[in-house]
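Have a look at the structure below, then the notes.
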Amino acid sequence: QVQLVESGGGLVQAGGSLRLSCVAVGNIVSINFMGWYRQLPGKQRELVAVVSRGDTTNYADSVKGRFTVSRDNAKNMVYLQMNSLKSEDTAVYYCNAQLLPRGGSTWYDYWGQGTQVTVSS
């Protein structure tokens, strides 16, 4: 009943910027954490950035100072502003949310389908 839908991926030159968006839709009671993970080619999925409902953030060291995660609680949306992109940022980026669905009794992790970000030189 709950889905996460990402948008904003694409092709960008090194040094450029992209903004990813994700919206959680469905019967949702509350969303705890929202954030972004990525899967580099041939690698395991890794944390990029996460933000709590109170706007506390956590970033991977590799993106600190370049990426900014934010959320709009009223719209159930999370964003990832990516600046100064590098070729090593090329990956599929996945939206993640820890939320309580209506009728549920505990927190569940939900994932988007992923959006491709390709950084070229």
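The figures that follow rest on heavy atoms only: side chains count, while hydrogens, waters and symmetry mates do not.
Around CD of Q1, the count of heavy atoms belonging to other residues, nucleotides or ligands within 6.0 Å does not exceed 12.
Within the 4.5 Å cutoff, the side chain of V78 has no heavy atoms near those of the L80 side chain. The shortest side-chain heavy-atom distance between S21 and M77 falls under the 4.5 Å cut-off. Counting only heavy atoms from C-beta outward, the side chains of D89 and R38 approach each other to under 4.5 Å. Inter-residue side-chain proximity for N27 and P101 is flagged as unmet; no heavy-atom pair is nearer than 4.5 Å. At least one side-chain heavy atom of E46 sits less than 4.5 Å from a side-chain heavy atom of L40. Residues R71 and R53 meet the side-chain proximity criterion, which asks for heavy atoms closer than 4.5 Å. Inter-residue side-chain proximity for Y94 and V48 is flagged as unmet; no heavy-atom pair is nearer than 4.5 Å. The shortest distance between side-chain heavy atoms of I28 and V2 falls below 4.5 Å.
Here ring pair (Phe, Tyr, Trp, His ring centres under 6.0 Å) pairs that include residues 23-63, with residues two or more places apart or in two chains, are Y37-W111. Screening residues 10-46 for disulfide bond (SG atoms under 2.5 Å apart) gives C22-C95 as the qualifying pairs, with residues at least two apart or on separate chains.
Here the closest heavy-atom approach between residue R102 and residue V29 is recorded as CA-CG2, 3.5 Å. Closest non-hydrogen pair, D109 versus Q98, comes out as OD1-CB, 3.6 Å. Nearest heavy-atom pair across E6 and Y93 is OE2-O, 3.7 Å. Here the closest non-hydrogen pair linking L100 and T106 is CD1-O, 3.3 Å. A24 approaches M34 most closely through the heavy-atom pair CB-CE, 4.5 Å. Here the closest non-hydrogen pair linking L20 and M82 is CG-CE, 3.8 Å.
Taking T118 as the reference, Q116 meet the side chain to side chain donor-acceptor pair (under 3.5 Å) condition, with sequence neighbours excluded.
Interatomic distance, N76 CG to L4 CG, rounded to the nearest 0.5 Å: 9.5 Å.
A donor-acceptor pair is defined here as one N or O able to donate and one able to accept, closer than 3.5 Å; such a pair exists between the side chain of T90 and the backbone of V119. Side-chain N or O atoms of N96 include one that pairs as donor or acceptor with a backbone N or O of Y110 at under 3.5 Å.
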- Message: Walk me through whether Y79 and T68 qualify under side chain to side chain contact (heavy atoms under 4.5 Å, CB included).
- Response: CA-CA 8 Å; Y79 309 91; T68 302; over 6 Å; no
- Message: side chain to side chain contact (heavy atoms under 4.5 Å, CB included), that's the test. Do F67 and L85 meet it? Break it down for me.
- Response: CA-CA 9 Å; F67 292 8; L85 283 162; 3.8 Å; yes
